[in-house]
2 protein chains.
Amino acid sequence: MAEITIKDVASLAGVSAATASRVLSGNPATSPGARARVAAAITELDYRPNAQARALRSTRSDSIGLLVSDVRNPFFADLAHTVEQAALSEGYVTLLGNANERKEQQDRYLDTLISRRVDGIIVAPLGDGSGSIASLIEREIPTVFVDRTVDGIDVPSVTTDSEAGIRQAVEHLSSVGHTRIGYISGPQATSTGRERFAAFTSAVADTGLSQDPELVYFGDFQAASGSAGVHALLDLDEPPTALLAADSLMAVGALAILHKRGLRIGTDIAMIAFDDVEWFALLNPALSVISHSVEDMGRLAVEMLLQVIAGGTPESVVLPSELIIRASSSSPISPSAGLRPRKN
Amino acid sequence: MAEITIKDVASLAGVSAATASRVLSGNPATSPGARARVAAAITELDYRPNAQARALRSTRSDSIGLLVSDVRNPFFADLAHTVEQAALSEGYVTLLGNANERKEQQDRYLDTLISRRVDGIIVAPLGDGSGSIASLIEREIPTVFVDRTVDGIDVPSVTTDSEAGIRQAVEHLSSVGHTRIGYISGPQATSTGRERFAAFTSAVADTGLSQDPELVYFGDFQAASGSAGVHALLDLDEPPTALLAADSLMAVGALAILHKRGLRIGTDIAMIAFDDVEWFALLNPALSVISHSVEDMGRLAVEMLLQVIAGGTPESVVLPSELIIRASSSSPISPSAGLRPRKN
DNA sequence: TGTGTTCATGGAATCGTTTCCATGGAATCG
DNA sequence: CGATTCCATGGAAACGATTCCATGAACACA
């Protein structure tokens, strides 16, 4: 019951707490004899140093915070895994938070992370620079943004160049004959939502496709909004013949509704999703995607965070994205496409 | 730069640190005047209490550890999300660890969690009761097992009754004419791996299907082993006409290879997976699954952990599993099934 | 007015470490 | 052999909060 402290170890080993501490931290100013006896006492008592006390005294907690919108999103699950493993190999544990795309949850979690005195924070931020993000900066807490950025906040980041992938996707769809592409957008409160929407808009304009504003549905990066988006877009008087979803979750929601409405993907309607997910290739027809490397993103984020913790100011990194064409978008536009099934 | 402590708050408010602390913790022995001035000082200084110091003195850290095998597994991602949200709503933050189905990683993480003095641990355990699991018990650290158990370790748990679902699956496959079912098993180092394997074995025997030991491939719950399993099973002299995978990740790996080998799922070979995943229903043909409720599991685990922390000893819970039949397994056995494609 | 009670408050101890500083014995050097 | 350096060691302070205990002001009651 009673906590075993370093004093217990020290007295069993016949040394002072100071010496025991030195042995524990590998301080060279210790005799071999003391080292041996302390080591023996530690295993004998199964002593585990109290990380709280250690953190209090040494002002480092050997923990980092990771705040994403939702680990159920395969993209963030991958990221969480990579970050956690990379951090662990450097001796840090990871506190995971889900903001669920809600600013108040993000702020709440950031507050907790600040209170816990984590050594650094990796966050896929949401909203503007107000609220707890500002506290982070003001307190000079080492922070790295992943996937997203915040306007006006100067923090190292690892992001994806969505522009290139989106442009390739639009041009590809245009090349197989589509002129009305429906876009299921991410929320404009996120930088990725804005950037991808802007990329879509400009690519559509440059390619000479329809710029009908009704062809854009604003979702929230969660599956349900993808479903709602498909309903909205297909119920237009002139529905699109191809769909582009700004993340994998909305794509899943969209696919479910396409199935339910009896539309054959790749034949009746083309579909492309942002974010690659292993099993998208297993769908029949396989889903075309805009792919980017989550592993690189996670690894780099941890690397950069460690640099910031060490006092450096690493350069932000922008990773490439690229279109991977699969069966869901490669057939030429079907003659029946564009007709509303209910009218058949 | 300099940390803002409770003393700064106290002196700005013109009270002692003791009084400031009382205001902070809502202790009634404080005057309205003091409360107001302390509150003002807190916002003025943007003071955040140091959770480390607080934890040191009060011996509770308001954090729990969650150790799963891999958050990239949708089942554990769901679980992580549910647990994190449930814990947060009770004022706890969640430390997430990935053991990657490796005992040494599990032990390493448990050690860290013990050192951090988390208030409780939720773990999907691996292996026997040796190593750090034993330390957990000995130190009486509140622990709840999820999904899996460990023989001989008496800890409250939330698990699934795999038996029922597996039996339904085997009977269903038998009813549509299959006699040789290939089983891609989980590792025998996990209770779920063992339990599901045992359920399969006995169901096959009871139904009078082939008990050929070659029809079982032992994987490790990760995607790659599902792929390897399909190769091994299809290369048998008498390959199975139906496959049952013990988790979703191995099912994904299996599906990928089935595709690659040109086998039509539901026609050339039937397939059923343990664990429901939203998008399994989106596959074409949709995948039959054995489903169980992850939300219930996560919610109950947190609930039970809080009870243990409060000194209680909650009863273990076993959740039901059930077969959901979709197109991947519902067609009668095809005449060509069972033939090795390469021999055609 | 004196005694007793209530109650907000401050001082000081405490949690388990790390780390600064002083000490004293051994070793080295001239 | 005396003086100097080296180095392992222990005592004590510090980290930032909480909490026990004592204090003294305010108030009530007889």
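Chain A is the first sequence line, chain B the second, and so forth, proteins listed ahead of strands; every chain is numbered from 1.
Side chain to side chain, A:Ser63 and A:Ser61 meet the donor-acceptor criterion of an N or O pair below 3.5 Å. For the 3.5 Å distance criterion, the side chains of B:Ser130 and B:Lys103 qualify, holding a donor opposite an acceptor.
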_Protein proximity profile, nucleotides 10-23 of chain D - base contact B, sugar-phosphate-only contact S, no contact -, cut-off 4.0 Å on heavy atoms_ = BB-BBBBSBBB---
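Under a cut-off of 6.0 angstrom, the local environment of CD in B:Glu315 is sparse, with at most 12 non-hydrogen atoms contributed by other residues, nucleotides or ligands.
Test B:Leu95, B:Leu136, B:Val308, B:Ile64 against B:Ile121 for side chain to side chain contact (heavy atoms under 4.5 Å, CB included) and you get one pass: B:Leu136.
Partners of A:Ser11 according to the side-chain hydrogen bond (donor to acceptor under 3.5 Å, both in side chains) rule, which considers only residues two or more places apart in sequence or in another chain, do not exist here. Annotation: side-chain hydrogen bond (donor to acceptor under 3.5 Å, both in side chains) contacts of A:Asp154 (sequence neighbours excluded): none. Taking A:Arg57 as the reference, nothing meets the side-chain contact (heavy atoms from CB on, under 4.5 Å) condition, with sequence neighbours excluded. Residues satisfying the side-chain hydrogen bond (donor to acceptor under 3.5 Å, both in side chains) test with A:Thr160, not counting sequence neighbours, are A:His292.
Across the protein-nucleic acid pair, B:Arg60 atom CZ and C:dC15 atom C1' stand 16 Å apart, rounded to whole Å. Counting to the nearest Å, the C1' atom of C:dA8 and the CZ atom of B:Arg37 are 11 Å from each other.
At a threshold of 4.0 angstrom between heavy atoms, the contacts of B:Ala51 with the nucleic acid are absent. Counting non-hydrogen atoms under 4.0 angstrom, A:Pro28 reaches the backbone sugars and phosphates but no base.
Rounded to 10°, the helix from C:dT1-D:dA30 to C:dG30-D:dC1 has 40° between the axis fitted to its first five pairs and the one fitted to its last five.
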